[in-house]
There are 2 protein chains.
Amino acid sequence: MAEHDTPGRPGRWRSGAESKQRILDTARELFGEHGYGATTVRAIAKAAGVDPAMVFYFFGTKQDLFGAAVDMSGAVPPAIASIFTGGLDTIGERIVRTLVENLDKSGRTPLVMLTRSAPTDARSETLLREFIDREITDRLAALLGTPDATVRAAMVNVQILGLTVARYIMRIEPIASASVDELVERFGPLVQYCLTGPPAA
Amino acid sequence: MAEHDTPGRPGRWRSGAESKQRILDTARELFGEHGYGATTVRAIAKAAGVDPAMVFYFFGTKQDLFGAAVDMSGAVPPAIASIFTGGLDTIGERIVRTLVENLDKSGRTPLVMLTRSAPTDARSETLLREFIDREITDRLAALLGTPDATVRAAMVNVQILGLTVARYIMRIEPIASASVDELVERFGPLVQYCLTGPPAA
DNA sequence: GTCTATAATTAGATAGAC
DNA sequence: GTCTATCTAATTATAGAC
């Protein structure tokens, strides 16, 4: 994890920003692994090798720290953008591939953090809903343009949530240890079906 | 389910069993609403109108209370049994209908309780995985009999988890306020596709 | 059976020395 | 900027009176 050793910059920067970054990285890791409620500020501080008081010094409250950890404005959009570049007839595969590939890289992603925290933390629930709506649902619905676009986009949300919970949180087999290609092969058509499937009813 | 009465009869023998039942009902309600970690014994006691100490008197520990709340052996199987009575070609609809109808009745069902608690509580995670495997995956896989039966059954699990999280925990629209029939119409074919869909790869 | 009192632990947060 | 020390509040859990 967080191999953020300071740059050997000449003159070496007075450590402040470095500690802050380490705290943030560690927070992402622990929040992603145990959720908001089950992660203590003390645990974060210990894992980051700093004093608990410093966490509050930099971030004010636990809630603010979580907000900072979840906010990856700029880091996520590019990945999601790739979903929308390409034909509508293969978008199912691209959604699944992008989702799984990004989440596999680390559990520190906002989606996992929020999905783990949402069930017991009202604020996380709101954040997650907004995140999904803004980054996925709205764009998908706009892309489709059909009358039932909203319902279809929501069905994709169900796939994303189900897949995230099954693979990264509950680790249900054989979903958890399947390869990216296997998942794309299985869930790609399923997501495609949600969007461009049969009768618009 | 269980409408605790509180008989207005003055002088009624204070039945221990009644208090115990009230505690259990209240525990199911709160665990289902906030998950294991975010539900305190005190809150349960207060909502049940008894003393916190009594909760421990009856159930020993918080964990044991949760175990008792989650254990509905005998109450769930019958509902699930109805899924497996009927043709394989319409099982998708039956799965969705049975799931949604039962969960709509109350949030105190084991599935919702466990799904809400699993992300932050390791024991709940195990319980949920075992519950799903035993009650659904194993039976579905056995019913199919195909070589990829396990994967297909797991795909159904993803649907169930996704649907449960979206409708009952995160309350994503328009999934949350959709009618049972709408959901059956939308997700029935999807689940059916998981099980008896295209090429067995 | 029910409740009071309390032990033991742990959480988030703050003040102030250095 | 960093840490020691501490405050306050909440939690699970137990002992024992009635």
Side-chain angles (χ1 to χ4, degrees), chain A residues 2 4-7 9 11-28 30-31 33-70 116-117 120-124, chain B residues 4-7 9-27 30-31 33-70 117 120-124:
Chain A
H4 287 302
D5 41 359
T6 31
R9 269 268 174 67
R12 183 188 153 205
W13 296 36
R14 297 294 194 125
S15 32
E18 181 192 328
S19 295
K20 184 171 181 177
Q21 188 59 44
R22 259 216 323 275
I23 293 171
L24 196 55
D25 288 338
T26 310
R28 289 208 173 99
L30 295 188
F31 280 139
E33 196 170 345
H34 304 114
Y36 179 80
T39 302
T40 67
V41 172
R42 298 170 116 94
I44 294 172
K46 188 177 179 183
V50 302
D51 193 276
M54 197 184 298
V55 178
F56 293 105
Y57 171 77
F58 280 119
F59 295 93
T61 73
K62 182 185 178 183
Q63 188 60 229
D64 289 340
L65 172 59
F66 184 75
V70 148
R116 211 185 268 276
S117 304
T120 49
D121 182 60
R123 276 168 293 225
S124 300
Chain B
H4 7 84
D5 38 314
T6 10
R9 261 218 349 253
R12 155 150 186 146
W13 353 290
R14 311 209 292 245
S15 156
E18 183 189 326
S19 295
K20 184 171 181 177
Q21 188 59 45
R22 260 214 323 273
I23 291 172
L24 195 55
D25 288 338
T26 309
L30 295 189
F31 280 138
E33 196 170 346
H34 304 114
Y36 179 79
T39 302
T40 68
V41 172
R42 299 170 102 89
I44 294 172
K46 187 177 179 183
V50 302
D51 193 275
M54 198 186 296
V55 177
F56 292 106
Y57 172 76
F58 280 119
F59 295 94
T61 72
K62 182 185 177 182
Q63 188 60 229
D64 289 340
L65 172 58
F66 184 75
V70 147
S117 303
T120 48
D121 183 59
R123 277 167 293 226
S124 299

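Values below: all heavy atoms of this structure, side chains included; hydrogens, waters and symmetry mates excluded. Just so we're clear, the structure is a prediction, and the values are computed from it rather than from any experiment.
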Check your understanding: When we call it a touch if two heavy atoms are under 4.0 Å apart, what does B:Phe59 touch: a base, just sugar-phosphate, or nothing?
Key ->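 Nothing, no heavy atom under 4.0 Å.
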
Tell me which donor-acceptor pairs under 3.5 Å the side chains of residues 39-46 of chain A have, and how far apart each pair is, sequence neighbours excluded?
from: A:Thr39; atom 1: OG1; to: A:Leu30; atom 2: O; distance (Å): 3.2
from: A:Thr39; atom 1: OG1; to: A:Gly35; atom 2: O; distance (Å): 2.6
from: A:Thr40; atom 1: OG1; to: A:Ala43; atom 2: N; distance (Å): 3.0

Practice item. List the protein contact pattern of nucleotides 4-18 of chain C with one symbol per nucleotide (5' to 3'): B for base contact, S for sugar-phosphate-only contact, - for none; contact means a heavy-atom distance under 4.0 Å. Key: B------BBBB----

Measure the distance from [atom1] on [X] to [atom2] on [N] and round it to the nearest whole Å.
{"X": "B:Leu65", "N": "D:dA13", "atom1": "CG", "atom2": "C1'", "result": "14 Å"}
{"X": "B:Ile23", "N": "C:dT2", "atom1": "CD1", "atom2": "C1'", "result": "11 Å"}
{"X": "B:Met54", "N": "D:dA13", "atom1": "CE", "atom2": "P", "result": "17 Å"}

Point to revise | N/O (side chain, B:Ser19) to phosphate O (OP1/OP2, C:dG1) under 4.0 Å | key: no

Practice item. Under the side chain to side chain donor-acceptor pair (under 3.5 Å) rule, collect the residues that match up with B:Asp51, sequence neighbours excluded. Key: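 B:Asp51 satisfies side chain to side chain donor-acceptor pair (under 3.5 Å) with no other residue.
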
Exercise for review: Identify, with sequence neighbours excluded, every residue that meets side chain to side chain donor-acceptor pair (under 3.5 Å) alongside B:Ser124.
Suggested key: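 Partners of B:Ser124 by the side chain to side chain donor-acceptor pair (under 3.5 Å) criterion, ordered by chain and then number, come out as B:Asp121.
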
Revision key, fill the gap. Here the ring-ring contact (aromatic ring centres under 6.0 Å, His included) pairs for residues 44-67 of chain A, sequence neighbours left out, are A:Phe31-A:Phe66, A:Tyr36-A:Phe66

Practice item. Could you tell me whether the side chain of B:Lys20 reaches within less than 4.5 Å of the side chain of B:Leu24, counting heavy atoms only? Key: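 They are not in side-chain contact.
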
Review point. If you take all heavy atoms of A:Met54 and A:Ser19, which pair is closest and at what distance?
Key: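 That would be SD-CB, 3.9 Å.
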
Exercise for review: Compare every heavy atom of B:His34 with every heavy atom of A:Thr120, then report the nearest pair and how far apart it is.
Suggested key: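 Looking at all heavy atoms of both residues, the shortest contact is CG2-O, 3.2 Å.
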
Review point. Considering the terminal five base pairs at each end of the helix from C:dG1-D:dC18 to C:dC18-D:dG1, what angle separates the two local helix axes, rounded to 10°?
Key: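 Overall, the helix from C:dG1-D:dC18 to C:dC18-D:dG1 bends by 10° from one end axis to the other.
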
